[in-house]
Participant: 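Just dropping this structure here.
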There are 2 protein chains.
Amino acid sequence: MRSKQPTIWDIAIKLNVSISTVSRALRNAPDINPETKKAVLDLAHQLDYQPNTIATSLRKNKTDIIGVMVPEFVHAFFPSIILGIQEVANAAGYKVMVMQSGESLEIEKHNLQAMVSSRVDGLILAITRETNDYEHIISAQRKGLPIVFFNRVVDELQGSKVMVDDYKGAYIAVQHLIQTGCRRIAHLAGPENMTIGRNRLNGYLDALKAHQVPIEDELIMHCDFVDGRARACTQRLLTMENRPDALFAVNDPTAIEALICIRENGLSIPDDIALAGFSNAPHGAFVTPSLTSVVQPIHEIGGLAAQLLLRQIKAPQQFIPETHVLDTTLVIRQSTRAKPE
Amino acid sequence: MRSKQPTIWDIAIKLNVSISTVSRALRNAPDINPETKKAVLDLAHQLDYQPNTIATSLRKNKTDIIGVMVPEFVHAFFPSIILGIQEVANAAGYKVMVMQSGESLEIEKHNLQAMVSSRVDGLILAITRETNDYEHIISAQRKGLPIVFFNRVVDELQGSKVMVDDYKGAYIAVQHLIQTGCRRIAHLAGPENMTIGRNRLNGYLDALKAHQVPIEDELIMHCDFVDGRARACTQRLLTMENRPDALFAVNDPTAIEALICIRENGLSIPDDIALAGFSNAPHGAFVTPSLTSVVQPIHEIGGLAAQLLLRQIKAPQQFIPETHVLDTTLVIRQSTRAKPE
DNA sequence: TCTATTTCCGATAACGTTTCCGGTAACGTT
DNA sequence: AACGTTACCGGAAACGTTATCGGAAATAGA
């Protein structure tokens, strides 16, 4: 029963002109009589004609679609970034196709293939936490697919990258913990193969060194963004003979898991244990105690990534990869002690 | 510099066979010599050949893509549903294209056009809060596009619908407030043109009636899902001469706005004012006090919607629209008083 | 009046697939 | 020896556009 959609053929026949003329009218080409153009447009509107972008894409060899793949989007972080991407992409006449890898390398590979097969004009990508083999990505790049990486960035891949100053963010967060009197500061860390994890760890380490706080390896727990692991790690930390008096979490979801665990153990924040996160979302403001966190310009990340990608799409030959590092700042809330003066 | 991607032509020439043969090999058709098939597949793999789905879509007149449009996805509600959609869609060999309307009718229209133009095989849609004209949707349906509606559902449109038992959810939430001693219960309501808003309002009203609690019109505030309005409404309620002793919010984001407002006014929850929401997300568990809320089977909504859509796609002629109403239950947390015995 | 230019339009070949319709060769059956 | 079957393959049309090319008519320039 599916009624077929009208094509330029239908319009051409009804108006007794050629499909060339119809095509010209629809994509307002210069050499056409204003009257016939109007006739075509009127009929098109009357038939509720919608151009078949598939045919156009095949012919023009471009889809005007940019793909976005993120590990997940149930936390607000990636959705907010996608918002930023969509704004600049739509403004430039591009559509956005969103996929999620679910933190699975296999799905990432599969989705990437699908993107390549659908001939997206470019891709904005945050890799999986388990992505340690980059052949599928490099293969796509070899095919000429422009890719911009963000958030989860890795040295082995080349291409434009958008990241934030993870090192500085971690440094100032840990410094703040030290300055408010904490001495045994644990770190719920991210994956070490990713720049984001390494930089935050380094910021943590250097802040400790700079303030002559001894580094203890058993206080560094790798949670690696996997759900539930932060809770287990926190539990281990809390039952140590010499309990830490502060936690610095690699991101907010990790911090919130820790917060719940601490609360369940009947300890108070920040009196027994202070807690700082790395902001993925505005939600940290709503938990109690509200979360001290490093904030990053989320919206800007998406917009910038899209801009870089569009630039590369439009001039692929003279394009030189750029790495942008956006600034981070600390927002002090209730989960850390007030600065003593 | 963009290297062109290999086509079945390249394979055919290198192997000295026709493109028909290559095509047969790639989509393992029956009548082909196993040896030539192997040769084709080997070369395809070696060239890293990826079929051009655009050409396939044009030829086969279907894209194997289902579109999803939601009002927003920075809150966890819609992303969770999309997760459910993706699972069943991917399992059935479909890709999912996600768009958001940003609660704007204009963007909804534009995106819908884009979906129609890209010839998605079907659409799962939650309309905007300001969508009161349905011509664009009906027009798409006339073109034969199968559409399944969810969450934001409206009587004027026909097609399969997936919703939850809003009436019952609201009823039991308000009943619980009454049974824990609340007498002046305000409602932060949703838009009245949407079934979801009406049903929750009716549940609220009927619960009051059933327990002989007088209905006061000035306690019903229409926040209509717009950011910030719940806060203003709550503020108005709190400064009334005769302050309500409970709030029932149409959803959790609304409830959380109210919670913050109440907290800022120095009032305590649930002692001064009890608060209940309608669960869009698991986040209600993390705020303090944790939020009493009506829970709905979020994941199931997406999966069911996708199933209904796929069924309609595969047998459009003998398809009869179905409306599914999923069950809701109440989770009692700290934002309402404990049941008195 | 004749040529040169402009204005508008049609025919047609692509784009990369799938699919229908044949066609050849090898084989088995009478 | 003639025929029907089978197994495999190629040709070519089609999907709905865009873009190139050339041609006819109208206009301009001399």
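Throughout, protein chains are lettered first and strands after them, A, B, ... in sequence-line order, and every chain is numbered starting at 1.
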Participant: Report all interatomic pairs (protein N or O, nucleotide N or O of nucleotides 12-16 of chain C) with separations under 3.5 Å.
Facilitator:
| from | atom 1 | to | atom 2 | distance (Å) |
| --- | --- | --- | --- | --- |
| dA14(C) | N3 | Arg59(A) | NH1 | 3.3 |
| dC15(C) | O2 | Arg59(A) | N | 3.3 |
| dG16(C) | OP1 | Lys4(B) | NZ | 3.2 |
| dG16(C) | N2 | Ala55(B) | O | 3.4 |

Participant: Send over the distance from Ile32(A) CD1 to dT6(C) C1', rounded to a whole Å.
Facilitator: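 Rounded to whole Å, this separation is 16 Å.
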Participant: Can you check side chain to side chain donor-acceptor pair (under 3.5 Å) on Ser20(B) and Ser23(B), steps first, answer last?
Facilitator: CA-CA 5 Å; Ser20(B) 318; Ser23(B) 175; over 6 Å; no
Participant: Can any side-chain N or O of Lys161(A) pair as donor or acceptor with the backbone N or O of Val154(A) at less than 3.5 Å?
Facilitator: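 Looks like yes, one N/O pair under 3.5 Å.
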Participant: Is any side-chain nitrogen or oxygen of Arg27(A) closer than 4.0 Å to OP1 or OP2 of dA19(D)?
Facilitator: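 Answer is yes, contact under 4.0 Å.
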Participant: For residues Thr131(B) and Glu108(B), is any side-chain donor paired with an opposing acceptor at under 3.5 Å?
Facilitator: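 A donor-acceptor contact under 3.5 Å links the two side chains.
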Participant: Could you state the CG-P distance from Asn28(A) to dC8(C), rounded to the nearest angstrom?
Facilitator: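 Rounded to the whole Å, the gap is 14 Å.
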Participant: With a 3.5 angstrom cut-off on both distances, give the Watson-Crick or G-U wobble partner of dT20(D), or none if there isn't one.
Facilitator: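 Base partner found: dA11(C).
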Participant: Could you state the CD1-P distance from Ile11(A) to dG16(D), rounded to the nearest angstrom?
Facilitator: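 Taking atom P of dG16(D) as the reference, CD1 of Ile11(A) is at 13 Å.
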Participant: Do the side-chain N or O atoms of Thr21(A) get closer than 4.0 angstrom to the phosphate oxygens (OP1, OP2) of dC9(C)?
Facilitator: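 Negative; the distance criterion is not met.
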Participant: Parallel, tilted or perpendicular: which fits the ring planes of Phe73(A) and Phe73(B), with parallel below 30° and perpendicular above 60°?
Facilitator: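 Judged by the thresholds at 30° and 60°, the geometry between Phe73(A) and Phe73(B) is parallel.
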Participant: Leu26(A) has an atom CG; how far is it from atom P of dA19(D), in whole Å?
Facilitator: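 Rounded to whole Å, this separation is 13 Å.
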Participant: Within the side chain of Asn111(A), is there an N or O that forms a donor-acceptor pair under 3.5 Å with the backbone of Gln100(A)?
Facilitator: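 Yes.
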Participant: Look at Thr36(A) and dC9(C) and indicate whether a side-chain polar atom (N or O) is within less than 4.0 Å of OP1 or OP2.
Facilitator: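 It does, given that an N or O in the side chain of Thr36(A) lies less than 4.0 Å from OP1 or OP2 of dC9(C).
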Participant: Tell me which of Arg24(B) and Asp31(A) sits closer to the 5' end of DNA chain D, going by the nucleotide each one is nearest to.
Facilitator: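 Mapping each residue to its closest nucleotide by heavy atoms, the 5'-most match is Arg24(B).
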Participant: Take the protein atom CG of Asp64(A) and the nucleotide atom P of dT17(D), then report the distance between them rounded to whole Å.
Facilitator: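 Asp64(A) atom CG is separated from dT17(D) atom P by 15 Å.
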Participant: Treating Asp121(B) as the side-chain partner and Thr63(B) as the backbone partner, does any N or O pair qualify as donor plus acceptor under 3.5 Å?
Facilitator: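 Yes, because the side chain of Asp121(B) sits within donor-acceptor range (under 3.5 Å) of the backbone of Thr63(B).
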